[in-house]
Amino acid sequence: MSIAERLAEVNRRLTQAATEAGRDPSEVHLVAVSKTKPASMIREAYAAGQRDFGENYAQELRDKTRELADLPDIRWHFIGRLQANKAKYVAPVAYRVHAIDDVETAKSLLAKRDATAGPLTVLVAVNLGGEAQKSGVPPDAVLPLATALQAAGVVVAGLMTLPPDVEDPEAVAPYFEALAGLAERGREAGLPLRELSMGMSHDAHIAVRYGAGYPLWVRVGTAIFGERA
Ligand SMILES: *Cc1c(COP(=O)(O)O)cnc(C)c1O
């Protein structure tokens with residue numbers, strides 16, 4: 001299958017899952033995760049209409065934005081763990097930074113953000129499984145961090161999670177539900193947590209069930225670009 005065909009299939013499945021869940025499919029936004037894949041594949045997806053792309057590695061993101069600078073309305077989402085000393089590669093080009101879990105990294109990004117690139121817009125990463133090897137703050141630290149980020153001048157658009165790896169994708173449903181609940185609590189507390197970032201190739205169809213009424217970013221790589229080496 002070509003990338004255009006895979007993309008169409010992913011979009012078809014997302015629309016179907018949203019409709020089955022009674023959710024407006026237009027709330028579901030696909031981020032095509034292109035990490036480790038060549039710029040030529042991104043061009044193929046772009047030609048098929050895809051505009052949002054996700055990258056995990058700061059230098060790779062910088063290199064690809066240079067190679068693809070002729071695609072004016074492409075939007076880059078940084079979805080990986082970010083070291084503060086690499087903020088300079090991400091800040092100028094990121095439409096969203098999905099995995100912020102401390103104020104310091106956000107401040108490094110702010111310092112490197114050019115005003116012409118628009119406000120720095122992030123999602124707070126939440127570690128719902130309490131896994132030491134994963135980034136993200138525990139649930140009870142979300143609202144204090146979001147408040148501190150806002151005070152620092154960052155736009156906190158919402159919350160992101162990478163749930164524990166499980167055999168049965170259905171087993172992640174409680175984590176997605178929990179993330180939606182946390183965002184709702186944040187909104188009740190006056191924070192503008194409208195967006196959720198959750199769901200990947202194997203479980204995006206489950207993520208679409210939660211957080212209806214607000215935008216959802218699903219981050220799908222393998223199902224569009226194939227297995228990574
Ligand atoms: C790689 C990655 C994805 C995409 O995963 P697939 O299983 O290839 O769809 C999504 N989110 C994050 C944070 C990733 O690192």
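Each ligand, and each atom within it, is numbered from 1 in the order the structure gives.
Among all non-hydrogen protein atoms, the one lying nearest atom 10 (C) of ligand 1 is M200 SD, 3.2 Å. Here the heavy atom of the protein found nearest to atom 12 (C) of ligand 1 is I79 CD1, 3.6 Å.
Of all atoms in ligand 1, numbered sequentially from 1 with element shown, those under 4.0 Å from a heavy atom of V220 are 9 (O). Listed by number with element, the atoms of ligand 1 under 4.0 Å from a non-hydrogen atom of R219 are 4 (C), 9 (O), 10 (C), 11 (N), 12 (C), 13 (C). Within ligand 1, the atoms closer than 4.0 Å to a non-hydrogen atom of T222 are 6 (P), 7 (O), 8 (O), 9 (O), numbered from 1 in the order shown. Every atom of ligand 1 is numbered from 1 in the order shown, and the set under 4.0 Å from a heavy atom of R228 is 1 (C), 5 (O), 6 (P), 8 (O). Using a 4.0 Å cut-off to heavy atoms of N56, the atoms of ligand 1 that qualify are 14 (C), 15 (O).
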For the pair E60 and K35, evaluate salt bridge (charged side-chain N to carboxylate O under 4.0 Å, His left out) and give the outcome as yes or no after the intermediate values. CA-CA 8 Å; E60 184 178 345; K35 65 182 176 214; over 6 Å; no
Test ring-ring contact (aromatic ring centres under 6.0 Å, His included) on Y95 and H77; report intermediate values, then the result. CA-CA 6 Å; Y95 172 71; H77 298 246; 5.5 Å; yes
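Of the N or O atoms in K35, one or more lie within a sub-3.5 Å distance of an N or O in ligand 1. Note: an N/O pair closer than 3.5 Å links G221 and ligand 1 by distance alone.
When only modelled atom types and interatomic distance are considered, E44 and S2 share no side-chain donor-acceptor pair under 3.5 Å. A donor-acceptor contact under 3.5 angstrom links the side chains of Y46 and D73, judged on distance only.
The neighbour count for D165 CG, taken as heavy atoms of other residues, nucleotides or ligands under 6.0 Å away, does not exceed 12. Residue E167 places its CD atom among 12 or fewer non-hydrogen atoms of other residues, nucleotides or ligands, all under 6.0 Å distant. By the neighbour-count criterion of 12 heavy atoms within 6.0 Å, atom NZ of K107 is sparsely surrounded, having that number or fewer from other residues, nucleotides or ligands.
The closest non-hydrogen atom to atom 6 (P) of ligand 1, taken over S135, G80, S201, comes from S201.
Under the 4.0 Å criterion applied to side-chain N and carboxylate O atoms, E195 and R187 are not assigned as salt-bridge partners.
In H202, neither the side chain nor the backbone holds a heavy atom less than 4.0 Å from any atom of ligand 1.
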